[in-house]
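Notes follow the structure.
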Amino acid sequence: MTSHSVRKKTEITFFLFLIASLFSCEDTLTDEVLIYDNDFSESDLVYFEKGRLYDFNDDTVLGYFHHEEILLKLPDLPSHNTVKVTIDLLLHDSWDGNPDNIGGPDFWYMNLDGIQVLKTTFSNSPCESTYCLYQSYPDNYPRFYEPKTEAVSSDLPGRCQYSNDIGWTSRYQITKIIRHDENELEIVCGDELKQENAADPVCDESWSIARIQVSTMTVN
(Lines give C-alpha, C1' and ligand atoms only; values in the text may rest on other atoms or scores of the structure.)
Protein backbone atom coordinates (compact mmCIF):
# COMPACT_ATOMS: atom_id res chain seq x y z
CA MET A 1 0.00 0.00 0.00
CA THR A 2 1.38 3.43 -0.92
CA SER A 3 1.98 6.16 1.68
CA HIS A 4 -0.81 8.20 0.04
CA SER A 5 -3.24 5.31 0.47
CA VAL A 6 -2.21 4.86 4.11
CA ARG A 7 -2.68 8.56 4.81
CA LYS A 8 -6.09 8.61 3.06
CA LYS A 9 -7.22 5.59 5.04
CA THR A 10 -6.04 7.26 8.26
CA GLU A 11 -7.95 10.46 7.44
CA ILE A 12 -11.15 8.50 6.76
CA THR A 13 -10.74 6.49 9.98
CA PHE A 14 -10.16 9.68 11.99
CA PHE A 15 -13.26 11.34 10.51
CA LEU A 16 -15.41 8.31 11.35
CA PHE A 17 -14.01 8.41 14.89
CA LEU A 18 -15.01 12.08 15.21
CA ILE A 19 -18.54 11.29 14.09
CA ALA A 20 -18.76 8.31 16.44
CA SER A 21 -17.49 10.31 19.41
CA LEU A 22 -19.99 13.12 18.83
CA PHE A 23 -23.14 11.10 18.16
CA SER A 24 -24.65 7.90 19.46
CA CYS A 25 -24.75 4.66 17.50
CA GLU A 26 -28.36 5.44 16.59
CA ASP A 27 -27.49 8.73 14.83
CA THR A 28 -27.25 8.74 11.04
CA LEU A 29 -25.62 11.31 8.78
CA THR A 30 -28.31 12.11 6.19
CA ASP A 31 -26.88 15.21 4.52
CA GLU A 32 -23.56 17.04 4.22
CA VAL A 33 -23.01 20.25 2.20
CA LEU A 34 -19.66 21.93 1.69
CA ILE A 35 -20.60 25.60 2.08
CA TYR A 36 -17.15 27.21 2.23
CA ASP A 37 -13.77 26.22 0.83
CA ASN A 38 -10.98 28.77 0.64
CA ASP A 39 -7.30 28.11 -0.04
CA PHE A 40 -6.74 31.86 -0.58
CA SER A 41 -5.33 31.34 -4.07
CA GLU A 42 -7.91 33.84 -5.37
CA SER A 43 -7.18 36.37 -2.61
CA ASP A 44 -10.74 36.07 -1.33
CA LEU A 45 -11.20 37.65 2.11
CA VAL A 46 -14.97 38.12 1.97
CA TYR A 47 -16.55 37.38 5.38
CA PHE A 48 -13.24 37.90 7.21
CA GLU A 49 -12.48 40.43 9.92
CA LYS A 50 -8.79 41.23 10.47
CA GLY A 51 -7.81 38.94 7.63
CA ARG A 52 -4.79 39.53 5.43
CA LEU A 53 -2.77 37.58 2.88
CA TYR A 54 0.84 36.56 2.73
CA ASP A 55 3.04 34.64 0.28
CA PHE A 56 4.62 31.64 1.98
CA ASN A 57 6.62 28.99 0.17
CA ASP A 58 5.11 30.08 -3.19
CA ASP A 59 1.53 29.81 -1.90
CA THR A 60 -0.90 32.52 -0.82
CA VAL A 61 -2.00 31.95 2.76
CA LEU A 62 -4.06 33.78 5.36
CA GLY A 63 -1.52 35.36 7.66
CA TYR A 64 0.87 35.76 9.15
CA PHE A 65 -0.34 36.40 12.72
CA HIS A 66 1.21 36.95 16.13
CA HIS A 67 -0.74 37.85 19.29
CA GLU A 68 -3.81 38.27 17.08
CA GLU A 69 -7.30 36.94 16.60
CA ILE A 70 -9.16 36.54 13.32
CA LEU A 71 -12.88 36.10 12.67
CA LEU A 72 -14.67 34.36 9.79
CA LYS A 73 -18.42 34.96 9.85
CA LEU A 74 -20.47 32.88 7.42
CA PRO A 75 -24.11 33.96 6.81
CA ASP A 76 -27.12 32.25 5.24
CA LEU A 77 -26.31 28.67 6.14
CA PRO A 78 -28.64 25.97 4.79
CA SER A 79 -30.79 23.97 7.17
CA HIS A 80 -28.62 21.74 9.38
CA ASN A 81 -28.04 20.59 12.93
CA THR A 82 -24.27 20.11 12.85
CA VAL A 83 -21.24 21.86 11.39
CA LYS A 84 -17.79 20.57 10.50
CA VAL A 85 -14.82 22.94 10.26
CA THR A 86 -11.42 21.90 8.89
CA ILE A 87 -8.44 24.25 9.09
CA ASP A 88 -4.99 23.69 7.59
CA LEU A 89 -2.79 25.48 10.11
CA LEU A 90 0.83 26.55 9.55
CA LEU A 91 3.05 27.06 12.62
CA HIS A 92 6.13 29.10 11.75
CA ASP A 93 9.53 29.11 13.43
CA SER A 94 10.30 28.48 17.11
CA TRP A 95 7.06 27.45 18.78
CA ASP A 96 8.04 26.15 22.22
CA GLY A 97 5.06 24.08 23.29
CA ASN A 98 4.17 23.50 26.93
CA PRO A 99 7.05 24.81 29.08
CA ASP A 100 6.00 27.65 31.37
CA ASN A 101 9.02 29.93 31.18
CA ILE A 102 10.26 32.98 29.26
CA GLY A 103 9.57 31.17 25.96
CA GLY A 104 6.20 29.58 26.61
CA PRO A 105 3.69 28.10 26.80
CA ASP A 106 2.73 28.87 23.19
CA PHE A 107 -1.05 28.57 22.77
CA TRP A 108 -3.28 28.44 19.70
CA TYR A 109 -7.07 28.25 19.95
CA MET A 110 -10.27 27.96 17.90
CA ASN A 111 -13.81 28.96 18.88
CA LEU A 112 -16.98 28.04 16.99
CA ASP A 113 -19.92 30.34 17.80
CA GLY A 114 -18.38 31.18 21.15
CA ILE A 115 -17.60 27.56 22.05
CA GLN A 116 -13.90 26.91 22.55
CA VAL A 117 -13.32 23.66 20.66
CA LEU A 118 -9.52 23.74 20.94
CA LYS A 119 -6.93 25.44 23.12
CA THR A 120 -3.60 23.74 22.80
CA THR A 121 0.13 24.21 22.39
CA PHE A 122 2.48 23.38 19.52
CA SER A 123 6.21 22.82 19.40
CA ASN A 124 8.61 23.02 16.46
CA SER A 125 11.60 22.29 18.66
CA PRO A 126 13.94 19.36 17.99
CA CYS A 127 13.33 16.58 20.51
CA GLU A 128 16.24 14.69 22.06
CA SER A 129 16.40 12.16 24.88
CA THR A 130 17.89 14.77 27.20
CA TYR A 131 15.89 17.81 26.05
CA CYS A 132 12.42 18.03 24.53
CA LEU A 133 9.86 20.84 24.46
CA TYR A 134 6.59 18.88 24.44
CA GLN A 135 3.30 20.05 22.96
CA SER A 136 -0.33 19.37 23.92
CA TYR A 137 -1.79 18.90 20.41
CA PRO A 138 -3.71 16.79 19.37
CA ASP A 139 -5.40 17.29 22.75
CA ASN A 140 -6.24 20.40 24.71
CA TYR A 141 -3.63 21.80 27.08
CA PRO A 142 -2.13 20.36 29.22
CA ARG A 143 -1.04 17.10 27.61
CA PHE A 144 2.42 15.90 26.60
CA TYR A 145 3.31 14.78 23.09
CA GLU A 146 6.52 15.06 21.12
CA PRO A 147 6.92 18.13 18.87
CA LYS A 148 5.06 17.96 15.54
CA THR A 149 2.82 15.07 16.64
CA GLU A 150 0.14 14.53 13.94
CA ALA A 151 1.57 17.21 11.66
CA VAL A 152 0.69 16.41 8.04
CA SER A 153 3.91 18.11 6.94
CA SER A 154 7.00 19.03 8.92
CA ASP A 155 9.55 19.64 6.16
CA LEU A 156 8.65 23.26 5.32
CA PRO A 157 11.03 26.18 5.84
CA GLY A 158 10.50 28.71 8.59
CA ARG A 159 8.86 32.02 7.77
CA CYS A 160 11.33 34.44 9.35
CA GLN A 161 13.85 33.39 11.99
CA TYR A 162 14.48 30.07 10.24
CA SER A 163 13.44 31.02 6.71
CA ASN A 164 16.53 29.32 5.26
CA ASP A 165 16.08 26.09 7.22
CA ILE A 166 13.79 23.16 6.45
CA GLY A 167 11.68 21.80 9.29
CA TRP A 168 10.70 25.06 10.97
CA THR A 169 7.12 25.31 9.70
CA SER A 170 4.69 22.53 10.57
CA ARG A 171 1.34 22.02 8.87
CA TYR A 172 -1.63 20.52 10.71
CA GLN A 173 -5.11 19.66 9.47
CA ILE A 174 -7.53 20.28 12.33
CA THR A 175 -11.16 19.14 12.10
CA LYS A 176 -13.83 20.01 14.66
CA ILE A 177 -17.51 19.03 14.63
CA ILE A 178 -20.20 20.59 16.83
CA ARG A 179 -23.96 20.59 17.12
CA HIS A 180 -25.21 23.79 15.46
CA ASP A 181 -28.47 24.90 13.86
CA GLU A 182 -28.17 28.69 13.53
CA ASN A 183 -28.16 30.41 10.13
CA GLU A 184 -24.79 32.06 10.83
CA LEU A 185 -21.47 30.65 12.02
CA GLU A 186 -18.59 32.55 13.60
CA ILE A 187 -15.14 30.97 13.51
CA VAL A 188 -12.49 32.61 15.69
CA CYS A 189 -8.82 31.62 15.64
CA GLY A 190 -6.11 33.19 17.73
CA ASP A 191 -2.96 32.74 19.75
CA GLU A 192 -1.32 33.47 23.05
CA LEU A 193 2.37 33.45 22.23
CA LYS A 194 5.14 34.11 24.73
CA GLN A 195 8.76 34.83 23.88
CA GLU A 196 10.27 37.17 26.46
CA ASN A 197 13.73 36.06 25.37
CA ALA A 198 13.32 37.10 21.70
CA ALA A 199 14.58 40.38 20.28
CA ASP A 200 11.90 40.20 17.55
CA PRO A 201 8.93 38.14 18.84
CA VAL A 202 7.00 38.29 15.54
CA CYS A 203 9.97 36.83 13.68
CA ASP A 204 10.45 34.25 16.42
CA GLU A 205 6.93 32.76 16.25
CA SER A 206 3.87 33.22 14.03
CA TRP A 207 1.09 31.27 12.33
CA SER A 208 -0.90 31.24 9.10
CA ILE A 209 -3.82 29.33 7.62
CA ALA A 210 -3.46 27.58 4.27
CA ARG A 211 -7.08 26.46 3.87
CA ILE A 212 -10.48 26.57 5.57
CA GLN A 213 -13.37 24.25 4.75
CA VAL A 214 -16.81 24.37 6.35
CA SER A 215 -19.63 21.87 5.89
CA THR A 216 -23.16 21.83 7.25
CA MET A 217 -24.50 18.42 8.20
CA THR A 218 -27.80 16.87 9.14
CA VAL A 219 -27.58 14.03 11.63
CA ASN A 220 -30.75 12.22 12.63
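Only heavy atoms go into these numbers, but all of them, side chains included; no hydrogens, no water, no symmetry mates.
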Sub-3.5 Å donor-acceptor pair from the side chain of [X] to the main-chain atoms of [Y], do we have one?
{"X": "Ser208", "Y": "Val61", "result": "no"}
{"X": "Lys84", "Y": "Ile178", "result": "no"}
{"X": "Asp191", "Y": "His67", "result": "yes"}
{"X": "Asn124", "Y": "Leu91", "result": "yes"}
{"X": "Asn111", "Y": "Gly114", "result": "no"}

[atom1]-[atom2] distance between [X] and [Y], expressed to the nearest 0.5 angstrom:
{"X": "Leu118", "Y": "Asn140", "atom1": "CG", "atom2": "CG", "result": "5.5 Å"}
{"X": "Ser170", "Y": "Leu90", "atom1": "OG", "atom2": "CG", "result": "9.0 Å"}
{"X": "Ser154", "Y": "Tyr172", "atom1": "OG", "atom2": "OH", "result": "8.0 Å"}
{"X": "Tyr137", "Y": "Lys148", "atom1": "OH", "atom2": "NZ", "result": "15.5 Å"}

Problem - Identified ring-ring contact (aromatic ring centres under 6.0 Å, His included) counterpart of His92 within the set Phe122, Phe56, Tyr54 - result: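 When ring-ring contact (aromatic ring centres under 6.0 Å, His included) is applied between His92 and each of Phe122, Phe56, Tyr54, only Phe56 qualifies.
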Exercise for the section: Verify side-chain hydrogen bond (donor to acceptor under 3.5 Å, both in side chains) between Asp106 and Thr121, making sure each step is shown before the conclusion. Expected result: CA-CA 5 Å; Asp106 288 330; Thr121 60; over 6 Å; no
Would you check if there is a donor-acceptor pair between the side chains of [Y] and [X] at a distance under 3.5 Å?
{"X": "Asn220", "Y": "Thr28", "answer": "no"}
{"X": "Asn98", "Y": "Ser136", "answer": "yes"}
{"X": "Thr175", "Y": "Thr86", "answer": "yes"}
{"X": "Gln135", "Y": "Tyr141", "answer": "no"}
{"X": "Tyr162", "Y": "Asn164", "answer": "no"}
{"X": "Gln161", "Y": "Asp93", "answer": "no"}
{"X": "Ser163", "Y": "Asp165", "answer": "no"}
{"X": "Asp204", "Y": "Ser94", "answer": "yes"}

Practice task
Carefully, step by step, assess Asp139 and Tyr145 under the rule side chain to side chain contact (heavy atoms under 4.5 Å, CB included).
Solution key: CA-CA 9 Å; Asp139 291 329; Tyr145 299 97; 2.4 Å; yes
Exercise for the section: Report whether Leu53 and Tyr36 are members of the same hydrophobic cluster (ILVMFWY, side-chain heavy atoms less than 4.5 Å apart, transitive linking). Expected result: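 Yes; tracing contacts between hydrophobic side chains, which count when under 4.5 Å, links both residues.
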Handout entry: Shared hydrophobic cluster for Val83 and Ile70 (ILVMFWY, side-chain gaps under 4.5 Å)
Key =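 Per the 4.5 Å side-chain linkage, Val83 and Ile70 are co-clustered.
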Handout entry: Over-ring placement of Arg211 relative to Phe40, 6.0 Å and 45° cut-offs
Key =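 Negative - Arg211 is either too far from the ring of Phe40 or too far off its axis.
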Exercise for the section: Taking only Lys NZ, Arg NE, NH1 and NH2, and the carboxylate oxygens of Asp or Glu, determine whether Glu205 and Lys194 approach each other closer than 4.0 Å. Expected result: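 No, no charged N to carboxylate O under 4.0 Å.
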Handout entry: Selection residues 175-211 - residue pairs positive for ring pair (Phe, Tyr, Trp, His ring centres under 6.0 Å), sequence neighbours left out
Key =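 For residues 175-211: Phe65-Trp207, His80-His180, Trp108-Trp207.
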Practice task
Would you check, one step at a time, whether the test side chain to side chain contact (heavy atoms under 4.5 Å, CB included) holds for Ile187 with Leu112?
Solution key: CA-CA 5 Å; Ile187 302 169; Leu112 301 181; 3.8 Å; yes
